[in-house]
Amino acid sequence: MKKYQPEVFEEKWLDWWEKEEVYKTSPLASEPERKKQYVLSMFPYPSGAGLHVGHVRIYTGTDVLARFFRMSGNLVLHPMGWDAFGLPAENAAIKAKKNPLEMVPENIANFKRQMKRLGFSYDWDKEFTTTEPKYYRWTQWLFIQFFKMGLLYKNEVPVYYCPSCKTGLAEEEVLPDGTHERCQQPITRKTLPQWLFRITSYADRLLEDLKELDWPEGIIEMQKNWIGKSVGAEVNFPLKKIPGVRFSYKFVKVFTTRVDTLFGVTALVVAPEHWLIEDIEHQQVKLPKEKFAEIKDYVEKAKRKLDLTRTDLEKEKTGVDTTLKAIHPLTNEEIPIWVADYVIGWYGEGAVMVVPAHDERDFEFARKYRLPIRKVIANPEAKDGELSQALTKFGVLVNSGEFSGLTSKEAIEKITEKLQTLNLGRKKTTYKLRDWIFSRQRYWGEPIPMVFCQNCARKKITYWDIQREKKSFQFENEELSNLYGWFPVSESDLPLKLPYISSYEPAETGESPLSRIKEFLEASCPNCGKPAKRETDTMPNWAGSCWYFLAFPFWSKKDQSKSQEVTSKEAWKAMMNHYQSWLPVDWYLGGAEHAVLHLLYSRFWVKALSDLGLLTFREPFVRLRHVGMVLAEDHRKMSKSFGNVINPDDVIKEYGADALRLYEMFMAPFSSEIAWSTKALQGCYRFLKRVWELYNRVNWDQVAKNSKENLKLVAKLNRTLKKVTEDIPQIKFNTAVASMMEFLNEYEKNPQGLSKARAKKFLQILAPFAPFLTEEIWRGIFKEKKSIHLSQWPEFETVTEEEIEIPVQVNGKFRATIKIHLSKIKNLNEIKRESLKIEKIKRYLKGKEYEVIYIEGKVINFVHQ
RNA sequence: GCCGGGAUGUUGGAAUUGGCAGACAAGCAGGACUUAAAAUCCUGUGGUCGAAUAGACCGUGAGGGUUCGAGUCCCUCUCCCGGCACCA
């Protein structure tokens with residue numbers, strides 16, 4: 001008999017499948033009666049290291065789904081592409097002293113070779129890389145559409161900067177101790193103009209639409225928290241006038257969710273970034289020398305801290321009294337104003353009211369600096385006298401003037417109303433979500449297709465002054481003035497190609513290296529035609545991954561006309577008219593590390609595109625499922641430095657691709673983190689080997705003549721068919737595999753027990769997991785002409801078994817089972833009689849009175865005192 | 001601290017969603033084959049008491065509760081993993 005040697009036949013089938021175009025995407029329009037399934041895994045960044053066994057897990061998961069749906073008569077879109085722009089690629093290239101333009105294709109080639117070898121059923125005609133101009137011309141075009149609708153603006157934003165390397169840095173290049181990871185020198189911040197996306201305008205819809213998604217609970221929760229909606233009130237505290245001083249603003253605004261505690265305010269705290277502090281720094285407000293120095297010193301220190309350091313290492317609250325005062329809007333009392341770095345400039349109004357009696361943090365702060373603590377909420381649990389901790393619960397107001405006696409809930413409404421009539425406050429909603437910085441001062445990204453004209457800027461001309469298009473969003477004054485003279489590159493000039501340059505390390509000024517390329521920099525103004533400068537910032541890694549799932553439906557390497565030759569609204573609409581019915585993505589599988597950013601950004605783009613009339617749906621991913629991480633055998637992360645990395649190539653060489661695939665599906669529930677085990681992999685290999693040997697051993701001509709099948713085995717087969725059919729769309733791959741193993745254990749005991757037709761059914765359900773072995777038997781032994789992967793998924797026959805077993809309990813404890821004919825399942829007397837025939841049960845019930853509880857077909861329970 | 005997920009034999013895990021806990025796999029032990037080893041096959045394998053494949057009791061992180069019946073539901077607590085973190 002032939003031995004199971006996967007290396008002998010696996011590669012052969014790869015060629016056949018390619019030649020026969022087994023995994024080609026069917027045109028959707030041709031068969032409107034068939035359901036579509038768009039099956040997608042988060043596409044990889046192709047690093048030099050090649051595929052990780054963790055990649056194999058997720059891609060096998062989508063592959064099993066895709067194969068299952070394909071065999072079940074659905075039209076399947078199952079593509080793969082490469083997310084190759086971004087910092088990791090650039091840094092890897094710097095290290096290897098290569099240009100990423102050369103390095104990326106090498107990495108892709110290796111990834112692709114490994115994926116093909118694993119038998120993933122991608123339609124490779126749909127492959128693209130985010131770094132090809134043919135792709136990123138659309139990324140740039142989308143940027144321009146978003147700009148035109150007013151979704152982008154420019155603002156000064158601090159970036160991390162390494163004074164020693166003279167380069168701008170990404171947050172991930174900064175170590176937790178505030179030093180640069182490459183040179184270990186301390187970093188600072190530098191303020192540079194950046195493009196920002198107005199994602200906050202979509203906060204409510206991003207929150208609201210979470211309801212319609214079939215996503216893991218945890219992810220939905222994390223997105224909610226990230227958006228962080230909170231409803232409360234804005235309160236204006238007028239500044240106490242100082243003769244001869246003009247403050248930049250009349251009020252210190254604070255945001256609070258507990259306006260009911262307003263009468264308990266004993267101080268205000270502003271962030272070091274607050275405008276009031278700037279007033280002090282610019283000496284608009286004269287303070288005594290020592291006080292000025294103290295504040296300046298405190299603020300300087302805070303600014304130098306990273307957000308990380310400021311929050312992580314500063315457990316003890318610190319602050320400085322500015323000696324300035326504000327006026328309480330309702331009591332007219334004077335309230336001291338402090339500065340403290342626990343208040344963050346970008347959340348709320350960058351200032352808070354301190355209510356020590358009813359907020360834990362404020363309580364701590366007040367104790368340290370001996371601020372008065374004033375109780376304004378009565379709480380039945382709290383005794384009178386000095387508070388030992390803050391009372392944060394809702395209650396009834398006391399010491400609150402006309403509002404005393406109201407409940408917190410009523411008071412929040414009444415006090416807000418009162419403030420509103422006084423023009424000193426209003427109802428307000430804030431979000432944790434911030435606008436999204438979309439500029440990178442880096443080489444390896446899509447060039448931002450914008451041009452700046454000094455001449456037009458001087459004349460205060462914006463894009464909307466010269467175009468009829470209306471913007472959908474209102475700009476604040478400063479935001480608009482920052483856009484004077486900025487115009488998008490003409491759409492017909494796209495792609496704006498990233499130039500090949502030999503030295504692409506970040507520039508000394510913190511600017512992008514593109515700023516040094518004269519030919520790139522120089523442009524003419526789309527409005528007045530005078531010399532202008534190109535934007536030299538590039539887009540972040542997210543840009544390509546925010547819409548790649550929209551591109552797969554229309555993408556074709558062979559037929560380039562599908563993705564159109566020009567970038568224009570008409571071209572986009574033409575593509576979408578044809579291919580949009582593939583969208584949205586039906587099954588999106590990926591790691592939990594993308595729970596927030598990638599998934600939120602993609603949702604945002606889709607909503608904006610839908611508002612622009614460029615898409616007809618509002619959510620990109622109908623179903624999201626998690627894949628758990630694969631750890632090394634020692635339960636640590638796989639890492640070269642630990643020497644515990646498993647290379648898929650080695651595994652395939654020794655056990656074959658089928659065994660690796662099967663093991664990755666069997667190892668644990670798909671979403672669980674799991675440690676690699678070569679021993680357990682060998683178990684899967686043995687299983688496949690036994691399948692091979694069984695199908696080779698049986699004399700199929702003989703079986704065909706033998707009309708008597710083993711009914712028990714047939715029933716077992718049908719149970720297995722059912723189990724696998726139901727488990728796959730529930731992403732319960734591990735139990736699907738287990739049930740097939742169970743079946744094989746039975747089948748081996750009686751290899752003549754199934755007809756050829758039934759034996760083939762088992763092969764078919766195994767096919768998504770082990771595509772090579774099953775194809776080899778399907779065509780080799782059963783002489784089928786067409787691939788097993790294009791065969792029809794087997795229906796299971798409902799076999800109602802004649803007899804069922806019912807557990808018998810006494811006082812809820814399992815004691816025995818009885819067998820009962822299915823026709824008698826409703827007959828309690830019969831079941832009781834059968835149960836009482838058992839010696840053991842008789843013994844337990846001897847001389848006792850009892851009741852009987854019978855749950856039809858499930859259990860009978862005798863209950864006595 | 002907050003949010004989310006989890007804790008089941010020696011190990012990974014299963015349990016029809018409230019009805020026979022430990023499927024399937026790994027490991028281990030014993031046996032067969034072999035000069036021997038590997039591979040393969042067979043048998044056993046939660047714990048305690050028992051000669052027992054007789055039977056009994058205990059057993060799903062800990063404690064309590066609901067129920068005829070709890071790994072599954074409720075309350076309290078412990079520990080582990082992931083995310084966020086002075087969020088007003």
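In what follows, chains are A, B, ... by sequence order, proteins preceding strands, each numbered from 1.
Residue Pro216(A) is out of contact with every strand shown, counting any heavy-atom pair closer than 4.0 Å. Counting non-hydrogen atoms under 4.0 angstrom, Thr257(A) reaches the backbone sugars and phosphates but no base. Val352(A) comes within contact range of at least one nucleobase, with a heavy-atom separation under 4.0 Å. No contact: Lys723(A) has no heavy atom under 4.0 Å from any strand. Residue Phe666(A) is classed as a base contact, given a heavy-atom separation below 4.0 Å to a base. No engagement by Gly228(A) is indicated, since no non-hydrogen atom pair under 4.0 Å with the nucleic acid exists. At the heavy-atom level, Glu805(A) lies under 4.0 Å from base atoms of the strands shown. Using a 4.0 Å heavy-atom criterion, one finds that Lys224(A) contacts no nucleic acid atom at all. Here Ile674(A) lies in heavy-atom contact (under 4.0 Å) with sugar-phosphate atoms only. Within the nucleic acid shown, Asn745(A) comes within 4.0 Å of sugar-phosphate atoms alone, with no base atom in reach, counting heavy atoms only. Phe733(A) comes within 4.0 angstrom of nothing in the nucleic acid, heavy atoms only.
Ring centroids of Trp692(A) and Phe687(A) are separated by 6.0 Å or more, keeping the two rings apart. Centroid-to-centroid, the aromatic rings of Phe769(A) and Phe666(A) stay 6.0 Å apart or farther. Annotation: Phe762(A) is in aromatic contact with Phe743(A) [ring centroid separation under 6.0 Å].
With rG12(B), rA25(B), rC84(B) as the choices, the nucleotide that has an atom nearest any side-chain atom of Lys432(A) turns out to be rC84(B). Checking rC68(B), rA88(B), rA25(B) against every side-chain atom of Arg690(A), the shortest atom distance belongs to rA25(B). Which of rA14(B), rC58(B), rC68(B) sits closest to the side chain of Lys813(A) comes down to rC58(B). Taking the side chain of Pro669(A) as heavy atoms from C-beta on, and the options rG69(B), rC87(B), rA14(B), the nearest nucleotide is rA14(B). Of the listed nucleotides (rC20(B), rA56(B), rU40(B)), rC20(B) has the atom at the smallest distance from the side chain of Phe814(A). Side-chain proximity of Asn734(A) to the nucleotides rG55(B), rU17(B), rG13(B) is greatest for rG13(B). Comparing rG27(B), rG13(B), rG4(B) by their nearest atom to the side chain of Glu221(A) picks out rG4(B).
Using atom P as the reference point in both rC80(B) and rC28(B), the two lie 31 Å apart (nearest Å). As rounded to the nearest Å, rA7(B) and rG63(B) have C1' atoms that lie 16 Å from one another.
Mapped onto RNA chain B by nearest heavy atom, Ser672(A) and Lys679(A) fall at different nucleotides, with Ser672(A) at the one closer to the 5' end. Take the nearest nucleotide of RNA chain B for Tyr431(A) and for Asn811(A): the residue whose nucleotide is more 5' is Asn811(A).
Contact annotation: side chain of Glu673(A) to base of rG82(B), donor-acceptor pair absent below 3.5 Å.
At the phosphate of rC2(B), neither OP1 nor OP2 sits under 4.0 Å from any side-chain N or O atom of Asn225(A). A sub-4.0 Å separation between OP1 or OP2 of rA85(B) and a side-chain N or O of Tyr347(A) is absent. Close to rC41(B), at under 4.0 Å from its OP1 or OP2, lies no side-chain N or O of Arg686(A). A sub-4.0 Å separation between OP1 or OP2 of rC2(B) and a side-chain N or O of Arg361(A) is absent.
With a cut-off of 3.5 Å on both pairing distances, rA52(B) has no Watson-Crick or G-U wobble partner at all. Within the shown strands, nothing qualifies as a pairing partner of rA36(B) under the Watson-Crick or G-U definition with both distances less than 3.5 Å. Pair assignment for rU66(B): none, as no Watson-Crick or G-U wobble contacts are both less than 3.5 Å.
Atoms CZ and OG1, from Phe365(A) and Thr266(A) in turn, are 10.0 Å apart once rounded to the nearest 0.5 Å.
Salt-bridge check for Glu364(A) with Arg361(A): failed, with every basic side-chain N at 4.0 Å or more from each acidic carboxylate O. Ionic pairing of Asp204(A) and Lys229(A) is present here: one or more N-O contacts between side-chain nitrogen and carboxylate oxygen are shorter than 4.0 angstrom. Classification of Arg690(A) and Glu693(A) as a salt-bridged pair fails, no side-chain N sitting under 4.0 Å from a carboxylate O.
In this structure, the CD atom of Glu349(A) is 13 Å from the C1' atom of rC87(B), given to the nearest Å. In this structure, CD of Gln730(A) is placed 11 Å from P of rU16(B), rounded to the nearest angstrom.
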